[in-house]
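The structure appears right after this line, and notes come after that.
Model, not experiment: these values are computed from the prediction. Quick note: residue numbers are just sequence positions, from 1.
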Amino acid sequence: MASMVAKVMWVATMALITCLAGVLGAEEDGGGGLGRLGSPDYGDALGKAILFFEGQRSGRLPANQRATWRGDSALTDGREENVNLTGGYYDAGDNVKFGYPMAFTVTLLGWSAVEYRAAVAAAGQLGNLRAAIRWGTDFLLRAHTSPTTLYTQVGDGNADHQCWERPEDMDTPMTLYKITRDSPGSEAAAEAAAALAAAYVALKDDGDTAFSSRLLAASRSLFDFANNYRGSFQSSCPFYCSYSGFQDELLWASAWLFKATRDAKYLDFLTNNQGSSNPVNEFSWDNKYVGAQMLAAQEYLGGRTELARYKDNLDSFVCALMPNSGNVQIRTTPGGLLFTRDSVNLQYTTTATLVLSIYSKVLKSSGSGRVRCSAATFSPDQISSFAASQVDYILGKNPLGMSYMVGFSTKFPRRIHHRGASIPSIKVLSRKVTCKEGFSSWFPTSDPNPNIHVGAIVGGPDGNDQFSDNRGDSSHSEPATYINAAFVGACAAAMGQKQVVKLEEPVDSLASMVSTY
């Protein structure tokens, strides 16, 4: 027994050394790669995943801005309607602020901070993660200008997609879109409510009680708006149309508000509306059922047995993803990557990985056993090991040896589909670059992007593990905020998972489940 304890302590010590070493140089490109114990340098990856959000900032940048190739942009957003809609995040490789997926991004960042606060702090990244959450919540608070008004988009998506220019040069229409009681959008309002509630839970101990109170009050207000004026969100179409309806966001928001407030009315909402919860096989900016099921399952495992349906649905999600479960709905590529669809696939991989990581942690801490599928039963360690394998794949343990995070390791995408990254920084090329010049001179070139957007995770490889690193291939080479937001928590989970010896789990029992890359 003594030798076993000593072995575990030695492994844990080496893991900590490796993780902390990874924090150094987190702002430089080309760092990271395989650590001493054969796993990716999770500390470095975590820092870079959070740094990415500074390259997506809109508005006036702070003095401590680390993505120094960026400059101030969109400083008059909202002026046409006498509101301040500056700040927030550009959605992906474009220059539009879509409030619906931005709110989802903030929710995921908040969730990551709540579940993995200690790991993020150990990597020296808690302050940066809080700043990323705060930058998004500041915008959402400004966008909620009355109890029945939420601005949901700044910028014309169609016009933006006809233009290739830096955000600092942007001259496309910054058109305003909003939902009201007469033109509702319950999905967008409820997602914003979830985001602010998650941010409240993540930030409430920071000492700024006035700000925390604003977060919680706005979250309650947005939930009431979404629930009392029900209607499906369509104003972002054709870019972010809601296909799953709004019931998933209402469940998701009520689950977050119950976690934040312990107010029985939100628990009653979850209990009384669980009939709308059903098994699904993805978790995304549109479909939040799995997120609601995860939060409700935590409550169920804590003794609220009236929420059993959510736990059953969540088990079905696990069975749909785990290889050899007998219930697989989402296949893995030959290299072992979860592959939902061939369009920005890593958004689904990272969100699934985050949920698997959290669920395995909750199952283990509650002593609630395993997930039973039709052909296999999975322990929490097996689930978390599979989740960690997805993080490893993204960071380079794949058939191409390619890290799909820009700036991590030595082989990563150099031609990402991103306007700001593909044109020289305004601090280097100070003159205006027009839409036409961007498309003629910078978009089509095969040269690497002049700005390395450190931390950006692209859409990822195809179903055969192939990746062309082509700027014109937005389905595979474009980053998005919600990819990185989910990865933050998944990476933090992997920091403490992959490098600990699982003495109770024979290694060969996992051999058929995870990739050998």
Side-chain angles (χ1 to χ4, degrees), residues 26-27 46-68 70 72-75 77-78 83-91 97-121 123-145 150-151 154 167 191-222 253 256-257 259-260 455 481-482 484-489 492:
E27 297 175 27
L46 179 64
K48 288 174 176 175
I50 297 170
L51 175 60
F52 161 78
F53 290 95
E54 298 192 20
Q56 295 297 117
R57 284 172 169 171
S58 178
R60 192 173 302 281
L61 302 182
N64 62 352
Q65 170 81 6
R66 295 179 297 159
T68 55
R70 284 293 322 283
D72 297 341
S73 63
L75 299 180
D77 283 357
V83 293
N84 177 9
L85 296 176
T86 60
Y89 291 114
Y90 297 118
D91 174 65
K97 294 187 290 195
F98 292 103
Y100 182 33
M102 190 196 304
F104 182 54
T105 293
V106 173
T107 314
L108 294 177
L109 288 173
W111 203 7
S112 298
V114 170
E115 293 291 342
Y116 298 106
R117 181 186 182 96
V120 175
Q125 294 298 325
L126 189 56
N128 291 325
L129 179 54
R130 286 170 174 160
I133 295 169
R134 180 76 183 248
W135 194 270
T137 57
D138 284 348
F139 176 83
L140 294 175
L141 289 170
R142 287 194 289 269
H144 184 39
T145 55
L150 176 68
Y151 284 86
V154 183
E191 184 58 56
L196 297 180
Y200 168 80
V201 179
L203 303 177
K204 64 181 180 179
D205 295 328
D206 286 0
D208 191 340
T209 56
F211 182 69
S212 296
S213 296
R214 286 185 64 203
L215 291 174
L216 200 54
S219 178
R220 287 180 180 271
S221 172
L222 283 161
W256 270 112
L257 274 161
K259 189 176 186 71
T481 55
Y482 38 87
N484 270 67
F487 184 84
V488 166

May I ask you to check whether Arg70 and Gln56 show a side-chain donor-acceptor distance below 3.5 Å? no
Distance check, rounded to the nearest 0.5 Å: Leu129 atom CG versus Tyr116 atom OH? 13.5 Å
What residues, two or more places apart in sequence or in another chain, satisfy salt bridge (charged side-chain N to carboxylate O under 4.0 Å, His left out) together with Arg142? none
Heavy-atom side-chain proximity of Arg60 to Thr86 below 4.5 angstrom: no
Just verifying a value: how many Å separate Asn484 CG and Leu108 CG, rounded to the nearest 0.5 Å? 11.0 Å
Please check if the side chain of Asp91 supplies one atom and the backbone of Phe98 the other of a donor-acceptor pair under 3.5 Å. no
What distance do Ser219 atom OG and His144 atom NE2 have between them, rounded to the nearest 0.5 Å? 9.5 Å
Nearest 0.5 angstrom please: Tyr200 OH to Lys259 NZ, how far? 13.0 Å
Given side chains that start at C-beta, do those of Asn128 and Phe53 come closer than 4.5 Å, heavy atoms only? no
Minimal heavy-atom distance between Trp135 and Gly88, with the atoms involved, is NE1-O, 2.9 Å
What residues form a side-chain contact (heavy atoms from CB on, under 4.5 Å) with Ala198, not counting sequence neighbours? Thr107, Trp256
How close do Ala103 and Ala195 get, counting heavy atoms only, and between which atoms? O-CB, 3.3 Å
State, with a plain yes or no, whether a side-chain heavy atom of Asp208 is found less than 4.5 Å away from one of Arg134. yes
Kindly say whether Ile133 contributes a backbone atom to a donor-acceptor pair with the side chain of Thr137 at under 3.5 angstrom? yes
Does anything in residues 197-207 pair up under salt bridge (Lys or Arg N to Asp or Glu O under 4.0 Å), and if so which pairs, sequence neighbours excluded? Arg130-Asp206
Which pair of non-hydrogen atoms, one from Ala492 and one from Ala119, has the smallest distance, and what is that distance? O-CB, 3.8 Å
I would like to know whether Lys97 and Asp77 meet side-chain contact (heavy atoms from CB on, under 4.5 Å); could you show each step before the answer? CA-CA 10 Å; Lys97 294 187 290 195; Asp77 283 357; 2.8 Å; yes
Determine whether a donor-acceptor pair (N or O, by modelled atom type, separation under 3.5 Å) exists between the side chain of Gln65 and the backbone of Glu54. yes
Distance-only donor-acceptor check, side chains Thr481 and Tyr89, under 3.5 Å: no
If I compare all heavy atoms of Leu196 with all of Ala218, which pair ends up nearest, and what's the gap? CD1-CB, 3.6 Å
Atom pair OG1/CD of Thr105 and Glu191 - distance to nearest 0.5 Å: 9.0 Å
Using the rule given for side-chain contact (heavy atoms from CB on, under 4.5 Å), can you reason through Val488 versus Phe52, listing the C-alpha separation, both sets of side-chain angles and the distance that settles it, and then say yes or no? CA-CA 11 Å; Val488 166; Phe52 161 78; over 6 Å; no
Would you say that Ser112 contacts Arg117 through its side chain, given a criterion of any heavy-atom pair below 4.5 Å between the two side chains? no
Please report the shortest heavy-atom distance between Gly47 and Gln125, naming the atom on each side. CA-CD, 3.5 Å
Between Ala67 and Leu51 the two heavy atoms that sit nearest each other are N-CD1, 4.3 Å
Working to the nearest 0.5 Å, report the span between CG of Leu216 and CG of Leu257. 7.0 Å
Could you go through Ser58 and Phe139, starting from their C-alpha distance and side-chain angles, then the distance that decides it, and tell me whether this counts as side-chain contact (heavy atoms from CB on, under 4.5 Å)? CA-CA 10 Å; Ser58 178; Phe139 176 83; over 6 Å; no
